Amino acid sequence: MSTETTTFTTTDAALTRDEMARLVAADIPAGAFVNLGIGQPTNVSNFLTTEQGVTLHTENGMLGMGPVATGEDIDEDLINAGKIPVTELPGASYFHHADSFAMMRGGHLDVCVLGAFQVSGSGDLANWHTGAPGAIPAVGGAMDLAIGAKATWVMMGLFTKTGESKLVQALSYPVTGLGCVSRIYTESAIFELAGGTVTVRSTHGISFEELAGRLPVELVKAA
Amino acid sequence: MSTETTTFTTTDAALTRDEMARLVAADIPAGAFVNLGIGQPTNVSNFLTTEQGVTLHTENGMLGMGPVATGEDIDEDLINAGKIPVTELPGASYFHHADSFAMMRGGHLDVCVLGAFQVSGSGDLANWHTGAPGAIPAVGGAMDLAIGAKATWVMMGLFTKTGESKLVQALSYPVTGLGCVSRIYTESAIFELAGGTVTVRSTHGISFEELAGRLPVELVKAA
Amino acid sequence: MAPRIAATAAEAVANIHDGATVMIGGFGNAGQPMELIDALMDCGATNLTVVNNNAGQADAGLALLIKERRVKKVICSFPRQSDSWHFDTAYRAGELELELVPQGNLAERIRAAGAGIGGFFTPTGYGTMLAEGKETRVIDGKGYVLETPINADFALIKALRADELGNLVYRKTARNFGPIMATAAKQSIVQVSEIVSTGSLDPENVITPGIFVDTLVTIGGNN
Amino acid sequence: MAPRIAATAAEAVANIHDGATVMIGGFGNAGQPMELIDALMDCGATNLTVVNNNAGQADAGLALLIKERRVKKVICSFPRQSDSWHFDTAYRAGELELELVPQGNLAERIRAAGAGIGGFFTPTGYGTMLAEGKETRVIDGKGYVLETPINADFALIKALRADELGNLVYRKTARNFGPIMATAAKQSIVQVSEIVSTGSLDPENVITPGIFVDTLVTIGGNN
C-alpha cells in the first residue's frame, strides 16, 4: 500500500515541519482515504497533490474535505474537527457522527496521521492527556482515531524540551491506544514499527549510531 | 394513549375479519406510528381514517406507506414487508434496514399489530414457527416486531380448527417474544393483558361465562 | 404524531424539568442550537445532566448554564478548551461531575440508546484510563470495552429545514450529533430555519424522519 | 481509491473466489442485484457462504446458486417461502447449512461489522430458540442476547446511481440492505442504472459514501 523505500537514507540537517509534512504526504498512497489530526498533521494536506487523489475525512461528518476556507467561502456550517472553516470538494458527502466514527472504527480509512506525546516501541500511543495532577482531561476523537484506521502514523518532535526521547520502551503518559502506531515521523528520524521491532528508515541531522545511543529502545537500521 | 373503553360489552355475533380490523383501527390513537404485520393485520389499514393521521412503518425501510399500488402505480422498488407493491404518502421517508429496525427495536413505534399461533396470559407470543419436526424455520422480522413497539397487539382466531384455545397458560409453540403482547383481538373476544392478568373487554357471540369455561387461563371481566 | 410547533424558543423548551438529562447537538458552532440553549437558560430548569461534545465555550450557551450551576453533570468528549473557563472553574471546585467519553463511543452510545441496543463492545478506549472499571473482552485477539447506551429526556437540535411532520434535513457538517440525539431522547426539540409544507422534502433525502421529532420552532434564517 | 468501473457484470464479479462469504442486497425484488447474481452463477465460484434476507426464490438468482450446490451456508432471516423449493430441497438433504437470524439482528450484525463493533446486546430473540447457546444478559430488567458482527468478503448491491467516486443513491425501498452491506464487506460490487460525473450528486443526499464502494457496473436503466 505504501510507496516508501526501505533503503536507509540520511540527510545532514534535521527536517523542518514542512519537510516532515511533505514526506508524510508523499508516503500516502494514491487514492487513499485519510484523516489528518489536529496540529502538525493538518499541514500534510498542503503537500498532497491533485494527482494523488487523496480523499480527506473529518470525523465531524464529512468525506471530501477541501482546503481551509477564506473570505467569502467561510461557512460556519462547514468546519473540520479542529473547528476551522473548510471547503467542500466535488464528490464530497456528509453523514452524522455515529456513521462518521463507524467509518473510522470499522477500518475503512487507509491512514490516520496524529500528533503524540509519546509512542512506545510496540506502537502504543499517548497523545490525549499529560496525566498531570489537576489537569482536566479531554479526549475528543483521539482514541477512536488511534485504533480505527488501517494505518496510524505519528508526527512529533523526537525529543522533549529537556532532551528526553518521546519514543519510549513503555509509555509514562496515559494510553490513547495500544499497539496502533506503525510509523513515526520526527525531525531527526523516521521509524517503522512492526511486531515490536523499531526500524529506522532515515535519519536527519544525526547518524544512526548517535540516534541509537540517545533512544531507550533497540533500533534496527533499514537495509 | 388508547381510546378504548374499559366497560365490558358484548355482541350477539362473532366478529368478522373486517369487524376485527375495524375495531383495531378505531383503537389506534390519532397520530400514532404503526407497523401492521403480514396477513390479517394488513387489513387494518383499510379502516384507518385520514383524520386519525396514522403513519405506517414498513420494516423494509419506509415511514409514510400508502395503500397497495395498482395499475400504473406499481413500482417494484416500492414494496411492503409482505413484498406487495405499495404507494408513498406525502411526508414519507426512506431509510436502510439497520435504521429501520433500530426504529422498531428502539421503541419509537406506538403500535405493532401481529398475527399469532398462540399467546400466553402473560403476553408471551408464538407466531413464527410451528415447531413441527422437519418444518423449515423462517423468522423474518417477527421477533423484532414482537418486542420493539410500545404496544404489541395480536389479531387471531381464538380457537384452532380442533377447538383448542390459542390463548394459553404457557406456549407450546416456539416463543417469538416474552411478555410482549398487551392486547388480543379475536372473533369471540377482545382481551387486555397486563401483569399476568387477562381482562376481557368484550365478547362476541359468546358470553363471558361460556368463554371463561372454554379458556385455560383465568379471566377478569372488564368493569 | 405530528410535532408541536412552538411559537418561540421559550415555548419550545418550557417542559424541560429540573433533573432532566438534556442532549445538545452541535460540534463547535456548527449545528449548535444556540437559541434553544438560551431559552433553557431562561426557563430556570436546574440540576441538569447535559450530553454534548464539549462543555461550553466562552460566556454563552452551555457555558452560562454551567456558570450558573444549573448543570450537575456533563457527559462529553472534549470539555477543556482555551475558552472553557466556566467549566474549568466548576469542575475544579468539585461542583460539576464529568463523564469523559471518547467521541466515537459517545456517538455510538447515543445511537445505541435510540436503537434499543443494551450495550456494545467497542475497541475504542481499550487499555486506557477511560476503560477503568468497565467490562472488557478480547474478541478474535482484539480488545474491546463494553459501553452502555446514553438515553436522554430531551434533545435540543438545530436542523436546516423541517416539514410539518417533523422530517428534517441538515446542512453540511452541522448535521453531526443531531440525527442520533433525535433518536435517543424521549422528546426532541428542534430549531430550524424554516418549516415547509408536508410533501416538500424528497423522501429519499430525509435525514431524520419525523417520528423522532416532538417540537419544532423556527428561528431566523440559516446563518 | 475511486472504484473500478467494470464493463460487464461478469467482469465485476470475476474476483469472487471459492469459499468466499458474499452478501447479497435486496428485499424481495427491490434492490436485488439480479445481474450480479447471474454473473456470480456464471463465474463458477463455489463453496460460498451467502448473506441475504432470503434463500432464493423460484428458478433464478440465488435459488439457482443453491440448486447447483454452490452455496454451503446461508445466513438469512426468511428462507422458507412458497417458491423456495431449491433451498427446501438442499436443506432437507442436509447439503446446505442455515444460520437463521431475526431480520433486525441480521441488519444490526451487518452494521456492527462495518462499524468495528465487536458484539452487541439485542433484546430481539431473547428467550427464544434462536438465542439457544448464545450469551444472554438482563440489563435494567430486560433480557438481551449477545450478537456478533457478520463480515463478508464481497457484497453485491444494487443502487440507483453512482458518481465516479462511488458515491451512491438508492431508490425507495430498494435501499434496504445495500448501505449496510457496503460497509461490512471487504469489497463492494455495485450495479447501478447510471454513473454520473463527480459533483453531480448533492453531498447532503449521498447514502453510501464512495469509500465503501470498490467496483461499479452499469446495468440497463432503472426497471
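Every value quoted in this text rests on a predicted model; they were computed, and no experiment measured them. Below, chains carry the letters A, B, ... as their sequence lines are ordered, and counting in each starts from 1.
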Is it the case that atom CD in Glu218(B) sees more than 12 heavy atoms from other parts of the structure closer than 6.0 Å?
no
Atom of Gly28(D), atom of Lys83(B) and distance for their closest heavy-atom approach
N-CE, 3.6 Å
Closest non-hydrogen atom pair, Ala98(B) against Arg111(D):
CB-CB, 4.1 Å
Tell me which one of Arg171(D), Lys172(D), Arg175(D) satisfies salt bridge (Lys or Arg N to Asp or Glu O under 4.0 Å) with Asp77(B).
Arg171(D)
[options]: which one forms the most heavy-atom pairs within less than 4.5 Å of chain D?
options                                   : value
Leu78(B), Thr58(B), Asn80(B), Ile79(B)    : Ile79(B)
Ala142(B), Pro137(B), Gly140(B), Gly61(B) : Gly140(B)
Val86(B), Ile147(B), Leu145(B)            : Ile147(B)

One pair to check against side chain to side chain contact (heavy atoms under 4.5 Å, CB included): Phe87(D) and Ile136(B). What are the steps and the verdict?
CA-CA 10 Å; Phe87(D) 168 83; Ile136(B) 295 176; 3.5 Å; yes
Part of Tyr170(D) within contact of chain B (heavy atom distance under 4.5 Å)
neither
Tell me, for Asn54(D) versus chain B, whether the close heavy atoms (under 4.5 Å) come from the side chain, the backbone, both or neither.
side chain
Does the separation of the ring centres of Phe27(D) and His97(B) fall below 6.0 angstrom?
yes
Name the option with the most non-hydrogen atom pairs under 4.5 Å to chain B; the candidates are Ser84(D), Pro123(D), Cys76(D).
Pro123(D)
